[in-house]
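Each remark here refers to the structure printed beneath this line.
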Amino acid sequence: MTIEVGSQAPDFELKDNHGRTVRLSECRGEKNVVLVFYPFAFTGVCTGELCALRDELPRFENEGTQLLAVSNDSIHTLRVFAEQEGLEYPLLSDFWPHGETSRAYGVFDEDKGCAVRGTFVIDKEGVVRWSVVNGLPDARDLNDYVKALEAL
């Protein structure tokens with residue numbers, strides 16, 4: 001079951017594509033967070049979505065907002081993917097324990113073994129203020145994230 005708007009966002013500790021530990025709680029009191037779950041690096045729709053975020057990065061990563069993208073890929077896969085696509089925001093690995101964070105947010109597809117396309121806008125107090133969950137083949141609209149951020 002997907003985490004509901006108005007709920008406290010589950011904290012997590014994941015490694016990024018450079019092996020650094022990232023905790024959601026480190027943003028608390030400091031920044032809003034756009035948390036984007038995606039199925040797999042190097043796939044068509046995922047690459048398109050993450051490159052669109054790259055192209056609009058100042059809207060999603062600035063002094064008041066942190067963009068975090070999560071997949072079930074290994075950090076090594078994410079490092080190569082980020083380098084190949086020029087992605088300069090954190091790509092977080094929910095590889096092991098496999099899908100633990102994705103499950104906490106209710107976006108892990110047990111049959112496929114990966115996260116579906118879930119996005120959560122989390123305010124500075126750690127509360128989920130907006131979310132959207134799309135199926136594996138359905139890309140998300142970045143303008144929806146922008147509107148959600150502007151509403152904070």
Side-chain angles (χ1 to χ4, degrees), residues 1-54 57 60-61 65-142 144-145 148-149 152:
M1 189 159 159
T2 305
I3 191 96
E4 294 183 23
V5 171
S7 300
Q8 191 72 29
D11 197 13
F12 56 79
E13 181 177 302
L14 297 171
K15 297 283 186 188
D16 73 4
N17 48 307
H18 298 289
R20 296 177 293 225
T21 300
V22 175
R23 292 174 191 85
L24 178 64
S25 57
E26 290 174 345
C27 295
R28 227 164 257 149
E30 302 286 324
K31 292 186 174 198
N32 299 309
V33 175
V34 177
L35 182 61
V36 177
F37 289 89
Y38 62 100
F40 294 112
F42 298 106
T43 57
V45 176
C46 295
T47 300
E49 285 187 317
L50 295 178
C51 287
L53 286 166
R54 174 201 65 204
L57 194 57
F60 302 106
E61 191 168 279
T65 305
Q66 177 65 55
L67 173 62
L68 300 172
V70 180
S71 78
N72 304 114
D73 296 297
S74 72
I75 62 170
H76 310 291
T77 300
L78 295 176
R79 183 177 306 120
V80 173
F81 182 54
E83 288 171 3
Q84 179 178 307
E85 300 300 333
L87 306 175
E88 297 185 10
Y89 51 89
L91 302 183
L92 306 180
S93 175
D94 192 17
F95 184 73
W96 197 257
H98 190 69
E100 181 177 66
T101 299
S102 304
R103 283 183 181 91
Y105 281 81
V107 295
F108 190 77
D109 185 321
E110 296 289 342
D111 294 332
K112 303 276 192 229
C114 66
V116 296
R117 297 179 195 288
T119 304
F120 301 87
V121 173
I122 302 164
D123 70 14
K124 292 177 183 175
E125 286 73 46
V127 176
V128 176
R129 294 297 176 190
W130 180 87
S131 70
V132 65
V133 178
N134 289 6
L136 292 177
D138 303 322
R140 295 162 277 198
D141 184 347
L142 297 186
D144 292 341
Y145 308 177
L149 284 168
L152 293 181

Contact between [X] and [Y] at the side-chain level, heavy atoms closer than 4.5 Å - yes or no?
| X | Y | result |
| --- | --- | --- |
| Cys46 | Arg117 | yes |
| Asp144 | Val132 | no |
| Tyr38 | Val45 | no |
| Phe120 | Val107 | yes |
| Pro90 | Gln66 | yes |

What's the shortest heavy-atom distance between [X] and [Y], and which atoms?
| X | Y | value |
| --- | --- | --- |
| Ala139 | Asn134 | O-ND2, 3.2 Å |
| Ile75 | Gly19 | CD1-CA, 4.2 Å |
| Ala69 | Leu50 | CB-CD2, 4.1 Å |
| Ala41 | Asp73 | N-OD2, 2.8 Å |
| Ser102 | Asn72 | OG-ND2, 3.5 Å |
| Cys51 | Glu85 | SG-OE1, 3.4 Å |

Evaluate the criterion side chain to side chain contact (heavy atoms under 4.5 Å, CB included) for residue pair Lys15 and Leu92; output intermediate values, then yes/no. CA-CA 6 Å; Lys15 297 283 186 188; Leu92 306 180; over 6 Å; no
Non-neighbouring partners of Tyr89 that pass ring-ring contact (aromatic ring centres under 6.0 Å, His included), sequence neighbours left out: none
Could you list the residues that satisfy ring-ring contact (aromatic ring centres under 6.0 Å, His included) with His18, not counting sequence neighbours? none
Tell me every residue that passes salt bridge (charged side-chain N to carboxylate O under 4.0 Å, His left out) with [X], counting only those two or more places apart in sequence or in another chain.
| X | value |
| --- | --- |
| Glu100 | none |
| Glu88 | none |
| Arg79 | none |
| Arg129 | Asp123 |

For the pair [X] (side chain) and [Y] (backbone), establish whether a donor and an acceptor sit closer than 3.5 Å, ignoring hydrogens and angles.
| X | Y | value |
| --- | --- | --- |
| Arg103 | His98 | yes |
| Asn17 | Leu91 | yes |
| Gln8 | Glu125 | yes |
| Ser71 | Phe40 | no |

For [X], give me all partners under side chain to side chain contact (heavy atoms under 4.5 Å, CB included), at least two apart in sequence or on another chain.
| X | value |
| --- | --- |
| Thr65 | Asn32, Val34, Asn62, Leu149 |
| Ala104 | Pro10 |
| Lys112 | Asp109, Cys114, Leu136 |
| Thr101 | Phe12, Leu14, Phe37, Asp94, Tyr105 |

Taking atom CZ of Arg23 and atom CG of Leu68, what is their separation to the nearest 0.5 Å? 13.0 Å
Just how far is it from atom CD of Glu49 to atom CG of Asp138, taken to the nearest 0.5 Å? 9.5 Å
Between Phe60 and Leu142, does a side chain to side chain contact (heavy atoms under 4.5 Å, CB included) hold up when you go through it step by step? CA-CA 10 Å; Phe60 302 106; Leu142 297 186; 4.1 Å; yes
Side chain to side chain donor-acceptor pair (under 3.5 Å) against Thr119, all qualifying residues, sequence neighbours excluded: Arg140, Tyr145
Over 12 non-hydrogen atoms of neighbours within 6.0 angstrom of CD in Glu110: yes
Which pairs count as salt bridge (charged side-chain N to carboxylate O under 4.0 Å, His left out) when at least one residue sits in residues 31-48, sequence neighbours excluded? none
